Amino acid sequence: EPEVTQTPSHQVTQMGQEVILRCVPISNHLYFYWYRQILGQKVEFLVSFYNNEISEKSEIFDDQFSVERPDGSNFTLKIRSTKLEDSAMYFCASSGGLAGVWYTGELFFGEGSRLTVL
Amino acid sequence: KNEVEQSPQNLTAQEGEFITINCSYSVGISALHWLQQHPGGGIVSLFMLSSGKKKHGRLIATINIQEKHSSLHITASHPRDSAVYICAASRSQGNLIFGKGTKLSVKP
């Protein structure tokens, strides 16, 4: 069964360092998302991505964050200069949908990447 | 103010019991998702609803758009159903507002 894969599963970094979290969405999906979950808290939306551009982003997704789809298969989340409060589990998700018509569709999540900022 | 409210927060059941988890939302939505989060943290989509009712195996999800309320039912619960169940309201463009989750524990 197709699945969304994320790497790394766990990353420890020092405050101020750049981090890139990688995701391989399901191959025929058109829409891609990042969410995060701080330990003990609810999941929060970060950003949605379609047709090689950001469709929508939350207030959390500030200038320190960026996303790209560099090669048609990977979908990355970059945090430019990590802060302690960026420590969280980051989930990538993808969904299908109709080209040219926004349709969220069923979401397929990766297993998550746990980021620890020291 | 929480735009998506779930109840109960915690639920302990005996194997075989019928379980209901409720979700109320205060925003306009395009769809309502029910998700399952395993102890290891992974998230699996169970249902996406925009109206009516859906059934998959022992799981049933319903939504009442007028009342802005959805329920997830588990029939003949089993210890392997133990997980956190999350309701998430979808606004346009994949922007989900998540509930805090209901932690379900099913005892043998």
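Within every chain, numbering begins at 1; the chains are lettered A, B, ... in the order of the sequence lines, protein sequences first and strands thereafter. All values reported here derive from a predicted model rather than from experimental measurement.
Other residues, nucleotides and ligands contribute over 12 non-hydrogen atoms within 6.0 Å of the CD atom of Glu85(A). Atom NZ of Lys42(A) has more than 12 neighbouring heavy atoms from other residues, nucleotides or ligands inside a 6.0 Å radius. More than 12 non-hydrogen atoms from other residues, nucleotides or ligands lie less than 6.0 angstrom from CG of Asp71(A). Within 6.0 Å of atom NE2 in His10(A), more than 12 heavy atoms from other residues, nucleotides or ligands are found, so the atom counts as buried in its surroundings. Taking a 6.0 Å sphere around CZ of Arg22(A), one finds it holds 12 or fewer heavy atoms contributed by other residues, nucleotides or ligands.
For a residue to count as touching a neighbouring chain, one of its non-hydrogen atoms must lie under 4.5 Å from one of that chain's; by this rule Gln41(A) does not touch chain B.
Scored by the side-chain hydrogen bond (donor to acceptor under 3.5 Å, both in side chains) test, Tyr35(A) finds no partners at all (sequence neighbours excluded).
Near-neighbour residues of residues 34-42 of chain B relative to chain A, defined by a heavy atom under 4.5 Å from a heavy atom of that chain, comprise Leu35(B), Gln37(B), Gly40(B), Gly41(B), Gly42(B).
Grouping Ile, Leu, Val, Met, Phe, Trp and Tyr by side-chain contacts under 4.5 Å, direct or through others, leaves Phe18(B) on its own.
Interatomic distance, Ser48(A) OG to Leu96(B) CG, rounded to the nearest 0.5 Å: 9.5 Å. Summarising the geometry, atom CD belonging to Glu111(A) is positioned 9.5 Å from atom CD1 belonging to Ile43(B); distances are rounded to the nearest 0.5 Å. In this structure, CZ in Phe45(A) is found 4.5 Å from CG in Asn95(B), a value given to the nearest 0.5 Å.
Each disulfide (SG to SG under 2.5 Å) pair with one or both residues in residues 16-74 of chain A, not counting sequence neighbours, appears once here: Cys23(A)-Cys92(A).
Considering all non-hydrogen atoms of both residues, Ser45(B) and Glu106(A) come closest at OG-CG, 3.5 Å.
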